[in-house]
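Only this structure's heavy atoms are used, side chains among them; waters, hydrogens and symmetry mates stay out. Remember, predicted model here, so these are calculated numbers, not experimental data. Counting starts at 1 for both ligands and their atoms, following the listed order.
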Amino acid sequence: MPRQAYVNGRYLPHGQAAVHIEDRGFQFADGVYEVVPVHRGALIDEEPHLDRLERSLGELRIAMPMRRRALQLVARELIRRNDLRDGFIYMQITRGVAPRDHRFPAQASPTLVMTTRRTKPHREALLRDGVAVITVPDIRWRRCDIKSVALLPNVLVKQAAVEAGAYEAWQVDDEGRVTEGSSTNAWIVTGDGTAVTRDASQAILNGITRLSLLNVIRAEGYDFAERPFTVAEAKAAREAFLTSSTSFVMPVTRIDGAAVADGRPGPLTKALRQHYLDYMAGQGAADRQVGG
Ligand code: PDD
């Protein structure tokens with residue numbers, strides 16, 4: 001079966017799936033999205049992702065296009081039709097189609113699009129050597145907690161990273177403190193072995209991987225702190241890594257061209273990556289048990 005996408009009630013061949021030119025997502029980036037990992041056919045952290053989706057929609061006063069349970073059924077049907085084992089499902093909801101006018105339309109039904117993507121296992125070299133990040137000014141708006149499709153600053157800094165031969169760009173606020181990556185959360189491990197990531201606020205997207213990893217860290221009894229850290233502190237850190245639904249836990253070994261510690265992925269980073277992979281495998285098993 002060719003790859004399929006879901007658009008407003010219909011499953012279509014991916015190449016034919018489209019929304020109207022006056023969709024407010026296209027005109028104004030007036031919409032939100034989620035990226036939910038799929039591991040061995042099971043959705044990982046489905047409920048927290050849907051909680052965040054509903055929260056983002058609520059902040060923008062966009063209605064859920066259907067009840068949560070129905071959305072979950074569509075997601076499962078799309079995974080089934082695409083025979084997806086490992087990858088992710090992408091969900092995007094916009095305020096809908098209306099004649100172009102900045103104000104909210106009086107009548108518009110939200111647009112719902114879902115697609116799936118297969119992913120390959122992370123390249124061995126990335127895990128063995130770690131990845132490089134560059135630091136860049138954070139030029140985004142002040143509601144980065146909303147998972148909005150308005151990603152132009154994120155696109156620009158990611159491109160800057162790629163052009164610098166780096167994997168990610170860590171954005172930095174006016175006080176010299178790291179906010180987050182273009183599509184990942186940023187972490188360091190301090191000299192005393194504490195895992196540090198910025199506290200959740202309107203300055204960052206509260207990553208679901210970030211939250212799940214914090215739970216793992218708590219359960220395993222590692223030291224952690226949720227607070228901002230500066231670029232200088234990151235460069236002097238014992239270890240660094242980043243998290244997201246597609247990178248999981250990825251070691252960071254270079255910041256702005258300089259090695260983090262000895263330039264090798266650190267022991268806590270490696271342990272946390274393994275704990276997170278085990279956590280994903282456990283989630284998949286639980287999902288299959290309830291027949292999800
Ligand atoms: N990005 N910060 C930003 C700005 C993000 O866009 C993302 C996710 C994260 C990590 O969140 P999570 O752990 O829930 O994936 C942090 C997704 C993967 C993307 O845009 O593709």
Do any N or O atoms from the side chain of Arg52 and from the backbone of Asn206 form a donor-acceptor pair under 3.5 angstrom? yes
Donor-acceptor contact present, side-chain Arg24 to main-chain His102, <3.5 Å: yes
Polar proximity ligand 1 side, Val35 side, N/O cut 3.5 Å exclusive: no
In this structure, atom 13 (O) of ligand 1 is nearest to the protein heavy atom Thr209 OG1, 2.6 Å
Nearest 0.5 Å, what's the OG-CD1 distance between Ser56 and Ile93? 9.5 Å
Measure the distances from the heavy atoms of Tyr33 to every atom of ligand 1 and state whether one is below 4.0 angstrom. yes
Mind checking whether Cys144 contacts ligand 1 via backbone (N, CA, C, O), side chain (CB onward), both or neither, at a 4.0 Å heavy-atom cut-off? neither
Hey, are Asp86 and Arg118 close enough for a salt bridge, meaning a charged N less than 4.0 Å from a carboxylate O? no
Are Glu54 and Arg68 within salt-bridge range, i.e. N to O under 4.0 Å? yes
Proximal atoms of ligand 1 relative to Glu180 (non-hydrogen, under 4.0 Å): 2 (N), 3 (C), 4 (C), 16 (C)
Can a non-hydrogen atom of Ser247 be found less than 4.0 Å from any atom of ligand 1? no
Between Lys147, Glu34, Arg210, which one has a non-hydrogen atom sitting closest to atom 17 (C) of ligand 1? Lys147
Using a strict threshold of under 4.0 Å (side-chain N to carboxylate O), is an ion pair present between Glu226 and Arg210? yes
A student checking ligand 1 against Asn185 at a 4.0 Å heavy-atom cut-off should list atoms 10 (C), 16 (C)
Any side-chain donor near an acceptor of the partner, Asp199 and Ser201, under 3.5 Å: no
Counting each atom of ligand 1 from 1 as listed, which ones have a heavy atom of Gly207 under 4.0 Å away? 11 (O), 12 (P), 13 (O), 14 (O)
I want to know if ligand 1 touches Asn154 in the polar sense, i.e. an N/O pair below 3.5 angstrom. no
Which is it for Thr184 and ligand 1 at heavy atoms under 4.0 Å: side chain, backbone, both or neither? backbone
Give the atoms of ligand 1, by number and element, whose distance to some non-hydrogen atom of Ser245 is under 4.0 Å. 12 (P), 13 (O), 14 (O), 15 (O)
So is Arg52 polar-close to ligand 1, meaning N/O to N/O under 3.5 Å? yes
Residue pair Asp129, Arg264: steps toward the salt bridge (Lys or Arg N to Asp or Glu O under 4.0 Å) verdict: CA-CA 6 Å; Asp129 301 334; Arg264 314 294 311 161; 3.6 Å; yes
Any chance you could measure Asp45, atom CG, to Ser245, atom OG, to the nearest 0.5 Å? 7.5 Å
Between ligand 1 and Ser183, is the shortest N or O to N or O distance under 3.5 Å? yes
